Amino acid sequence: MNFYITTPIYYTNDIPHIGHAYTSIACDIIARYNKLLGKNVFFLTGTDEHGQKVEKAAINSNLKPKEFVDKLSVNFVNLIPFLGCEIDDFIRTTEERHIKASQELWKQLEKNNQIYLSNYEGWYSVRDEAFYLENELKKIDGNYVTDNGSPVEWVKEESYFFKLSEWQDKLINYYEKNPESILPKTRYNEVLSFIKGGLKDLSISRTTFNWGVPVPNNPKHVMYVWIDALCNYLTAIGYPDINNNNYKKFWPATHIVGKDILRFHAVYWPAFLMAAGIEPPKRIFAHGWWTNEGQKISKSLGNVIDPYDIINEYGLDQIRFFLFREVPFGNDGDFSKKAIANRINADLSNNFGNLVQRISSFAVKNNDSLLRPAENLTNEDQDLINILQNKFDEYCKFMNNQQIDRAIKSVLELISAGNAYVDTQAPWALKKTNKIRMEEVLYIVTNIIIKSAIMLYPIIPTSSKKILNIFNYNMDNNKFENFTKPINQNIKINNPEPIFPRILND
RNA sequence: GGCGGAGUAGCUCAGUUGGUCAGAGCGCACGGCUCAUAUUCGUGAUGUCGGGGGUUCAAAUCCCUCCUCCGCUACCA
């Protein structure tokens, strides 16, 4: 089984913020989960480097566009390992392979009679790089400006168009047959209602700037964002060489996107693909946005969250955990210091960390660090093992639908059951009365700890490995095959150390 | 305006096809344990399940209506 997951390509007009980190980590979690399932995974991210905005920013910086994007792209390249993301490729739209792929996709669309030359005209804002309808504009001092105050000018230019209007019925048909190809459900509804509202042909080239992929056989035009940007998902797996091994293995992809760019991925992109005779994406998942202490995040408010700052303050796994434990994936969330501290302390330090600590240090002090497989299971033991089975089933069901928060909650419930089991079995009492039973109890809990650590590995990979290391357990020999079967090996415990330090109140 | 979603304990939210569905976590109160990062375990309290009406033996769950909030309603990644 193969699994292909992508982030959007990030636009090189600014440095990365928490939103970029959020999307990338989401993909990393899903990628790691699928690896645990035993799949071959291809995880792609990259940067989108063309367009008028970049061209202008480069001029303002006294740099050639390529020099400018080289500088900005590296910020995104460097962020990936800092976030603990294990990617398989990083694509830049200025790469030769991508220019070739986009042009090839264009030619394929042209060959299939999906592109025609015409004129595009309307009110255009250079700052926003977008056209506006008259009713979206307001008049200030006799001049039209956009809602956010950008000046607009009336522009008429020759442009190539994609026959999007021809794909309305086919898209509707496709989505009605594949209701889970857009998630969450509410986004699916939005997309479908948008398509049902009618589709107009799409302008896909520009002549007013040069920083883009040249349109084949007409160098006056460069591609306007859509085909260039979206095609990256094909480029990275070898397109246009459709006999390429990666292409054959990994297409179609699962795309994780912010809710603001859902339409491009869920309407234009599948239409392009179908028009080119290529299968549409397997799934598009749209996630929400973060606020900061209840406030909308914006540069002008000065409350942009720098992923480096926040991770250096709380720790990588702690932030990864918070981002996906706190909020149902797909919803908007609020990033607050209080919520972060509560989450880390309650779930990681007090619940999981404590279970690890109380068992490992108890075993070191009272059983010479050695744990031996349990032989005679009581009803209570069996109950706990049954809970593991139930929670693992839930966890997989949720993860398969990108309900990461629900999956995490299932594991936390298992860990809570582990803590409760320790209390009822009271190994500190058994120490005086029944040493054999004490050993069994410790071993049964250790099984739960190890399985919990592996289930949480996609979210908190470094911490999970630390925990497994305490128990000298190598997770490579226990992925999700026969996962709930109890471990059966002697375990020697390494020096325990607190994995999740609590966050002290400010 | 149109389409869609949501209003459930102080907070964040679960609640498939109507009948242990009135719940979880956090917070709070009380009690227990002492292995553990002053951690954990147990018990308990607060809810007219947005308002009103209807269908039904039975509705948070279906229908009608009203109120509030949110998203989408095309060319910005």
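Every chain is numbered from 1, with letters handed out A, B, ... down the list of sequences. Please read all numbers here as calculations on a predicted model, not as lab measurements.
Counted by atom type alone, Asn350(A) and Arg502(A) present one or more donor-acceptor pairs between their side chains at under 3.5 Å.
Residue Asn350(A) places its side chain closer to rU39(B) than to any other of rU37(B), rU39(B), rC76(B). Counting only heavy atoms from C-beta on, Phe264(A) has its side chain closest to rC76(B) among rC76(B), rA74(B), rU37(B).
When Val445(A), Asn351(A), Ile448(A) are each tested for a side-chain contact (heavy atoms from CB on, under 4.5 Å) with Asn419(A), only one passes: Asn351(A). A side-chain contact (heavy atoms from CB on, under 4.5 Å) with Leu262(A) is found for one member of His255(A), Arg187(A), His287(A) and no other, namely Arg187(A).
The salt bridge (charged side-chain N to carboxylate O under 4.0 Å, His left out) test applied to Arg372(A) returns Glu439(A), not counting sequence neighbours. Residues meeting the ring pair (Phe, Tyr, Trp, His ring centres under 6.0 Å) test with Tyr116(A), sequence neighbours left out: Phe161(A).
rG71(B) and rC66(B) are spaced 22 Å apart, taking the P atom of each and rounding to whole Å.
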Provide a list of protein-nucleic acid N or O atom pairs under 3.5 angstrom, restricted to nucleotides 68-72 of chain B.
{"residue": "rG71(B)", "atom": "O2'", "partner": "Arg187(A)", "partner atom": "NH1", "Å": "2.9"}
{"residue": "rG71(B)", "atom": "O2'", "partner": "Glu190(A)", "partner atom": "OE2", "Å": "2.4"}
{"residue": "rC72(B)", "atom": "O4'", "partner": "Glu190(A)", "partner atom": "OE1", "Å": "3.4"}

If the sugar-phosphate is the primed atoms plus P, OP1 and OP2 and the base is the rest, what is the B/S/- string for nucleotides 25-36 of chain B, using protein heavy atoms under 4.0 Å?
S------BSSBB

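Within 6.0 Å of atom NZ in Lys163(A), more than 12 heavy atoms from other residues, nucleotides or ligands are found, so the atom counts as buried in its surroundings.
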Run the ring pair (Phe, Tyr, Trp, His ring centres under 6.0 Å) test on Trp226(A) and Phe272(A) for me, step by step, so that the C-alpha distance in whole Å, both residues' side-chain angles and the decisive distance to 0.1 Å come before the verdict.
CA-CA 9 Å; Trp226(A) 317 121; Phe272(A) 292 158; 8.0 Å; no

Could you walk me through whether Asp423(A) and Arg358(A) pass salt bridge (Lys or Arg N to Asp or Glu O under 4.0 Å), step by step?
CA-CA 11 Å; Asp423(A) 269 65; Arg358(A) 68 197 301 206; 2.9 Å; yes

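Atom-to-atom distance recorded for Ile467(A):CD1 and Gln357(A):CD is 10.5 Å, nearest 0.5 angstrom.
Across the protein-nucleic acid pair, Asn189(A) atom CG and rG2(B) atom P stand 18 Å apart, rounded to whole Å. One interatomic measurement links the two molecules: CD of Gln425(A) to P of rC41(B), which rounds to 15 Å at whole-angstrom precision.
Against RNA chain B, the stretch residues 397-416 of chain A makes heavy-atom approaches under 4.0 Å through Arg406(A), Ser416(A).
Backbone-only contact: Ile9(A) has heavy atoms under 4.0 Å from sugar-phosphate atoms and none from a base. Nucleic acid contact class of Asp201(A) (heavy atoms, under 4.0 Å, all strands): base. Residue-level contact check: Gly198(A) touches the bases, meaning some heavy atom is under 4.0 Å from a base atom.
Residue-to-nucleotide proximity on RNA chain B shows that, of Tyr421(A) and Leu348(A), the 5′-proximal contact is made by Leu348(A).
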Reading 5' to 3' and counting Watson-Crick or G-U wobble pairs with both distances under 3.5 Å, write the dot-bracket notation for RNA chain B, | for bases paired outside the strand.
(((((((..((((.........)))).(((((.......))))).....(((((.......))))))))))))....

